[in-house]
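So the structure is just underneath, and the comments pick up after that.
Whatever order the structure lists ligands and atoms in, that order sets their numbers, starting from 1. Small disclaimer: the values here were computed from a predicted structure and weren't measured.
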Amino acid sequence: MNREEARKKIEQLTEIINYHNKLYYTDDNPEIEDYEYDKLFRELENLEIEFPELKKDESPTNKVGGTILEKFEKFEHSIAMYSLSNVMNEEEFWDFDNRMKKELNEDNIKYTVENKFDGLALELIYEEGKLTAAGTRGDGQIGENVTNNVKMMSNVPKKIKEKNKLIIRGEALITKKDFEALNKEREELEEIPFANARNAAAGGLRQLDSSESKKRRLKFFAYQIANYRDFNLTNEYKAMEFLSDLGFTVEGVHGNIDSKKVLDIYYDIQENRSKIDYDIDGLVIKVDDVKYQEKLGFLSRAPRFAAAFKFKPEEKETILKNIEVQVGRTGALTPVAKLEPVQVGGVTVSNVTLHNPNEIKSKDIRIGDTVVVIRSGDVIPKITRVVLEKRPPDSKIFEFPNKCPVCKGDTAVTDGDVIVRCINEECPSKITKYIEYFVSKPAMNMDGIGKEWIAAFTKSGLVKTPADLYKITKEKLFEFERMGEKLAGNMLKSIEDSKNTTLKRFIYALGMRQVGETTADLLAKYFTSIENFRKADIEDLQNIEGIGEVSAKSIYDFLNSEKASKLIDDLLEAGVNPIFEKLAAEESPITGKNVVITGSIEGFTRTSAKEAAERLGASVQSSVSKNTDILIVGEKSGSKLKKAQDLGIEIILADEFIKLANK
Ligand code: IVH
């Protein structure tokens, strides 16, 4: 790869990784599996090693974790909280071990090995034996103050016998048993179950109402004493014993072992991890001797003396009994594999999406095959391959339907020959799925209407479009069997309540293909009213940081379609009133404003200035346009200043911005 190609690739990877960081750390809603993320991260790291001059200060490889949520008070870490470098396989483990030996000039290094808990990092502070404060990791320097929620955790001691100030770190997580119970409860309440324990834990810890947090049954697993120097602790293993003696939950520690033993333990736990009652995604290897740890020191985001030795995602074989084709809200025909149920990564898997016909073809998946399923502690299970040696003679090639399996209507191949869609606007499956989406929690939030009722309403023809929901009357509802006074009342109330909604929800509820919650939020902040949004031109859309060209084009096409016009008109006419909610409106002069930052600002990198502005509730754009409210001007600002002056845009100077950001 030449320098120019590397520069482009680094830029691309940075953007992708930042996007996934936000989903994972800030939104608690990851889209990709951990090992896929690790691969991207590793690719970026390698390129930066090969082309060190291309590495930027604000590279994700220099950063720890995510940004913080505004709703919490800040929690400053007196000692920085680091992340860990990854070791992905045996070869990399030996590289790590050799590096330690070389740098310490010592042949037989002893390690302490711990479980790598797959939860959310926390710091707890004890003073005079009492738990006084607790915070999340955030960016490693500043996290969120979650003391009240941590006090609700059943296994966190509120008092300890040690009277000196103690700063403890560990991971908050939900055990598999508790997670199952929690999801069962949610299903009974007709709430959407959590995708995985980590998200439920991270979301639980970041609730403003600590009784909500308590319901998630979080547990704390301690793994480090940040101020170990204040105690007479000469090695890692002893520190763990000390914590355990004080009443903290300390699990899965193997102290004072050599590198060979580390590998034995790694393979053993990797094989048997499903028997452990919480998710772990690897082991953490730490040089045991504190003197050595200090000698080795830290890199920008991780210590040199420790590493995360990641597990391979767990794999299981099972039989693929059938393939069914479902029709989604956008008409996409999605093949779903029906499996002989199998336990993998701590859950029972019986349905796995195969995404599109190409995946079936390229993996040569046939009905009756034995397939390998993975689920890497996280999110969505996947079929990785077919075990060809076990293919039975009567295995059947799956014929992908060329008509919609629900309405028998015509289909078309879209999205670069990948996705087959039903093109019948009246397909009952499309309508039902769209109405389900429209009433769902992140959209119009009509929690009084369950899925089975939506199916009944669309089947009977009572509801064909979202606007029809607003025409439902009590009399109409009573035409359905099993409808009671209370149920009907709840439904009508939640329909009525949904009329007062936010612009973000409304935009999301329109169901545009490229627009999830994050993008809907960006659009709402940028346009601030439905009228503005409807008039969006393509440059406006492309100007929004976080929205790429493809999304911009697809949003633009949607807005200019007859279908969208009618949908929006009908909803507004039905009385839906989307309002742009300004974030903490009075908080700062840039809150709720579209800002552009130009020139360099002392003490900030480009990224950290952007993040600071976002923390203050601003939406940051990359270039000045008529929609820009404020230009923040640093040193050596260029053409943007002139353009802003021409457009009469308000200017804020760097000094004032620094004051706002440091408030
Ligand atoms: S030690 C200076 N030990 O993994 C060393 N971290 O991917 C700092 N984690 O940020 C971390 N289990 O949140 C350590 N036994 C363990 C851990 C652990 C989970 C988390 C931790 C860290 C992240 C890095």
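In this structure, the ring of F248 has its center no less than 6.0 angstrom from the ring center of F221. Aromatic ring centroids of F179 and Y278 lie 6.0 Å or more apart. Residues F311 and Y267 keep their aromatic ring centres 6.0 Å or farther apart.
The backbone and the side chain of L84 each have at least one atom closer than 4.0 Å to an atom of ligand 1 (non-hydrogen atoms only). Contacts between A308 and ligand 1 below 4.0 angstrom, taking non-hydrogen atoms only, are absent altogether. At a heavy-atom cutoff of 4.0 Å, ligand 1 is contacted by no atom of D118, backbone or side chain. Residue Y223 touches ligand 1 through its side chain alone, judged by heavy-atom distances below 4.0 Å.
Atoms of ligand 1 found under 4.0 Å from any heavy atom of E114, numbered from 1 in the order shown, are 3 (N), 15 (N), 16 (C). Short contacts between ligand 1 and A121, defined as distances under 4.0 Å to a heavy atom of the residue, involve ligand atoms 13 (O). Counting the atoms of ligand 1 from 1 in the order shown, those under 4.0 Å from a heavy atom of Y82 are 10 (O). Taking a cut-off of under 4.0 Å to the non-hydrogen atoms of R137, the atoms of ligand 1 that pass are 10 (O), 22 (C). Of all the atoms in ligand 1, the ones that sit under 4.0 Å from a non-hydrogen atom of E171 are 9 (N), 13 (O), 19 (C), 20 (C), 21 (C).
Taking 4.0 Å as the cut-off, A306 does not count as a neighbour of ligand 1 on heavy-atom distance. Heavy-atom distances between S83 and ligand 1 reach below 4.0 Å in at least one pair.
The option with the heavy atom closest to atom 3 (N) of ligand 1, from among K286, K116, Q224, is K286.
Shown here is E53, whose CD atom has more than 12 heavy atoms of other residues, nucleotides or ligands within 6.0 Å. Within a 6.0 Å radius of CG in N105, no more than 12 heavy atoms belonging to other residues, nucleotides or ligands are found.
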Show me, pair by pair, the donor-acceptor contacts under 3.5 angstrom made by side chains of residues 254-265, not counting sequence neighbours?
from: D258; atom 1: OD1; to: K260; atom 2: N; distance (Å): 3.3
from: D258; atom 1: OD1; to: K261; atom 2: N; distance (Å): 3.1
from: S259; atom 1: OG; to: D97; atom 2: OD2; distance (Å): 3.4

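For ligand 1, one of its N or O atoms has an N or O atom of F117 under 3.5 Å away.
The minimum heavy-atom distance between A197 and I174, with the atom names listed, is CB-O, 3.8 Å.
Among residue pairs with one or both ends in residues 220-242, those qualifying as salt bridge (Lys or Arg N to Asp or Glu O under 4.0 Å) are R229-E294, E236-K286; sequence neighbours excluded.
The side-chain hydrogen bond (donor to acceptor under 3.5 Å, both in side chains) test with T61 is passed by exactly one of E45, K56, E48: E48.
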